[in-house]
Amino acid sequence: MEQAGQDWAERAATVRVIGTGAMGRGIAQLAAAGGLTVELADIRFEAVKDAVEHVCAMFDKLVAKGRMAADDAAAAKARLKPVGEPLTPLQDCDLVIEAVREDLDTKRELFAALESAAGERVLFATNTSSLPVTAIGAALRDPSRLAGLHFFNPVPLMRLVEVVPGARTAAWIPDALSALVRRLGHEPVTAPDAPGFLVNHAGRGLVTEALQILSEGVAEPADIDRIARDVLGLKMGPCELLDLTGMDVSHPVMESIWTGFYTEPRYRPSRIGRARMEAGLLGRKSGEGFYKYVDGAKQEPPEAAAPATDPRPVWFQEPEHRETLGMLLSEAGVEVEAGEEPSARAVVLVDATTDMSVADQVANGLPGERTLGLDGFFGFFGRLTLTVQPALDPDAGRAALAALLATGRPVTVVRDAPVAVAPRLLASVVNVGCGIAEQRLARPEDIDTAVRLGLGYPRGPLEWGDHVGADRVLDVLRQMHEATGDPRYRPSGWLAERAALGLPLTESGTSPSDLLG
């Protein structure tokens with residue numbers, strides 16, 4: 001099947017793109033640049049002519065920037081063919097890619113008409129981002145010739161393409177479409193015909209947990225985003241991302257995936273999302289979301305500044321923290337106590353990552369009026385996160401904040417919780433990725449590739465879990481599950497099993513089929 005798909009991809013010469021919106025234009029540009037003849041079609045011929053002009057202008061810009069040779073641009077322009085009406089004879093087409101509006105009835109009607117107009121050799125692909133491929137194909141007499149081919153905007157720059165076989169898609173077609181995607185210079189992943197496919201499904205780990213943290217009052221949007229960027233290394237924090245995509249888009253996707261998986265708690269949306277959507281706090285497009293926007297520029301609150309306070313010595317409960325962050329504090333002129341017990345004036349810094357909340361540690365005998373938590377899960381190389389429990393004396397808290405800021409590192413102050421913000425976000429991302437692998441919805445390598453290229457994370461979720469250690473991720477989830485009783489933190493069997501066996505999350509391991517041939 002793989003060879004049959006490769007052979008088809010090498011022979012394919014002509015593709016018809018139906019739809020002249022941003023997605024259709026982007027697909028046409030990619031295909032023409034990749035050597036295919038592209039027939040652009042739409043119900044309005046004026047829209048087709050405008051789309052061809054737009055794509056040609058994009059090629060001209062690439063030439064002007066030195067990113068495309070003039071001869072190559074001229075050849076790509078010559079491969080653009082405005083054909084107008086979508087059902088214009090399709091004898092020479094190898095593939096039809098539909099990029100019309102996201103409506104099930106519209107797509108079904110279009111493919112039913114195409115099936116009557118096209119010969120049996122023509123393959124069909126839908127660029128749907130959320131509708132089931134199987135449901136679209138149900139309108140065809142022969143649904144085996146249809147698959148999903150989900151590009152991401154802007155198509156020429158976003159290298160990932162999800163290849164989505166429906167329940168009745170012929171077995172050789174995913175290989176054929178994957179080979180064609182590679183021929184065009186993009187990276188295909190095989191995604192399940194399940195809610196959210198692969199990228200949107202995997203992306204639930206970050207944004208739903210961020211909204212959960214917000215709903216608990218643990219941190220403000222800017223706090224969560226700064227931690228996500230500076231500690232986890234994300235290009236954009238989850239609240240920034242929701243503002244960019246728009247809550248009118250993001251919240252319905254969350255609800256769709258949650259209901260599509262029959263209210264699986266890991267994907268549970270937040271009341272915050274619906275309330276903000278109904279209030280019109282959509283993000284950049286409305287001028288206000290989690291942030292306000294002035295002339296399109298995000299208005300971000302200032303970083304924490306050093307408060308005016310009397311200096312106090314600092315005592316670390318964990319000796320390894322004294323040897324790492326304590327050294328930085330000493331170099332900044334802050335007194336660090338080395339005794340087995342803190343003095344009467346010292347502020348006490350304890351680990352806020354796992355095992356128990358700071359409040360629980362205070363209940364076990366630490367002085368509540370001067371004990372704060374410190375997230376050391378990822379070390380102390382960048383942003384520091386300080387956690388505050390209700391019994392803290394504000395003067396002691398200000399002294400601790402001033403001491404940490406003296407190191408020159410930015411500090412985010414959040415409310416105490418069973419686990420700190422950064423490890424909670426990471427554990428949710430990893431757990432959702434492991435859940436996808438556990439359900440055999442996608443191969444581990446496809447999960448990681450989809451997340452890296454489609455979401456821009458520094459690592460895929462399974463790679464990330466291996467990087468920090470599956471056992472550490474499991475500890476975070478178990479602590480949250482035990483402390484809250486919330487099944488959203490139920491660890492994936494894939495994660496728990498591999499942590500117990502010492503196996504990488506990125507490998508499937510031995511299965512029954514390996515024994516049975």
Side-chain angles (χ1 to χ4, degrees), residues 15 17-34 36 38 51 54-55 58 62 95 97-102 107 125-133 136 147-165 174 177-207 234-236 238 240-246 248-250 252-254 256-257 283-285 429 432-433 436 441-442 445-461:
V15 58
V17 178
I18 300 177
T20 52
M23 188 64 73
R25 295 194 303 265
I27 295 170
Q29 180 183 336
L30 177 69
L36 294 176
V38 179
H54 175 88
V55 175
M58 295 303 297
L62 292 174
L95 172 68
I97 302 176
E98 164 271 311
V100 302
R101 69 189 182 94
E102 198 74 345
K107 292 179 187 291
T126 173
N127 185 60
T128 181
S129 60
S130 60
L131 299 172
V133 174
I136 295 171
L149 201 56
H150 180 212
F151 293 84
F152 293 81
N153 251 331
V155 175
L157 299 180
M158 293 292 287
R159 291 180 50 239
L160 185 75
V161 182
E162 292 180 314
V163 178
V164 188
L177 295 179
S178 294
L180 182 66
V181 167
R182 293 190 191 95
R183 178 180 161 186
L184 299 178
H186 275 34
E187 185 70 30
V189 293
T190 301
D193 189 19
F197 299 151
L198 191 45
V199 171
N200 281 328
H201 184 172
R204 296 316 92 201
L206 180 69
V207 292
L234 296 173
K235 296 176 183 177
M236 184 176 288
E240 294 174 296
L241 178 62
L242 290 169
D243 270 6
L244 178 65
T245 56
D248 56 331
V249 174
S250 296
V253 169
M254 291 185 218
S256 173
I257 292 174
R284 288 180 183 270
K285 66 178 69 175
V429 169
V432 168
I436 295 172
L441 295 175
E445 58 267 33
D446 281 347
I447 297 170
D448 284 335
T449 298
V451 168
R452 277 189 282 102
L453 296 182
L455 298 175
Y457 292 5
R459 294 180 175 86

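Computed from heavy atoms alone, side chains included, the values below leave out hydrogens, waters and symmetry copies.
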side-chain contact (heavy atoms from CB on, under 4.5 Å) partners for [X], two or more places apart:
{"X": "Leu455", "result": "Val199, Val451, Tyr457"}
{"X": "Lys235", "result": "none"}
{"X": "Glu445", "result": "Arg443"}
{"X": "Pro252", "result": "Met277"}

List in chain and number order the residues that pass side-chain hydrogen bond (donor to acceptor under 3.5 Å, both in side chains) with [X], two or more places apart in sequence or in another chain; answer none if no residue qualifies.
{"X": "Asp448", "answer": "none"}
{"X": "Ser178", "answer": "none"}
{"X": "Asn153", "answer": "none"}
{"X": "Thr245", "answer": "Ser250"}

Tell me, which pairs form a side-chain hydrogen bond (donor to acceptor under 3.5 Å, both in side chains) where one or both residues lie in residues 185-207, sequence neighbours left out? Thr134-Asp193, His201-Tyr267
How far apart are the closest heavy atoms of [X] and [Y], and which atoms are they?
{"X": "Ile257", "Y": "Gly196", "answer": "CD1-CA, 3.8 Å"}
{"X": "Arg182", "Y": "Pro188", "answer": "CG-CD, 3.6 Å"}
{"X": "Pro165", "Y": "Ala191", "answer": "CD-O, 3.5 Å"}
{"X": "Val181", "Y": "Leu149", "answer": "CG2-CD1, 4.0 Å"}
{"X": "Ile27", "Y": "Ala99", "answer": "CD1-CB, 4.5 Å"}
{"X": "Val17", "Y": "Gly24", "answer": "CG1-O, 3.6 Å"}

Could Lys285 and Asp243 be called an ion pair, given the rule that one side-chain N must be under 4.0 Å from one carboxylate O? no
Ignoring hydrogens and geometry, is there a side-chain-to-backbone donor-acceptor pair from Lys107 to Val100 under 3.5 Å? yes
Donor-acceptor pair, Asn127 side chain versus Phe151 backbone, under 3.5 Å? yes
State, yes or no, whether a side-chain contact exists between [X] and [Y] at a heavy-atom distance under 4.5 Å.
{"X": "Leu241", "Y": "Val207", "answer": "yes"}
{"X": "Leu36", "Y": "Leu184", "answer": "yes"}
{"X": "Pro154", "Y": "Leu157", "answer": "yes"}

Residue that, paired with Val164, satisfies side chain to side chain contact (heavy atoms under 4.5 Å, CB included) out of Val133, Leu177, Val189: Val133
Looking at Asp446, Ile436, Ile447, Leu198, which one forms a side chain to side chain contact (heavy atoms under 4.5 Å, CB included) with Leu441? Ile436
Taking only residues two or more places apart in sequence or in another chain, which ones pass salt bridge (charged side-chain N to carboxylate O under 4.0 Å, His left out) with Arg452? Glu463
What salt bridge (charged side-chain N to carboxylate O under 4.0 Å, His left out) pairs are there with at least one residue in residues 18-30, not counting sequence neighbours? none
Test side chain to side chain contact (heavy atoms under 4.5 Å, CB included) applied to Leu206 and Leu234, step by step: CA-CA 11 Å; Leu206 180 69; Leu234 296 173; 3.8 Å; yes
Check ring pair (Phe, Tyr, Trp, His ring centres under 6.0 Å) between Phe152 and all other residues, then give those that pass, not counting sequence neighbours. His150
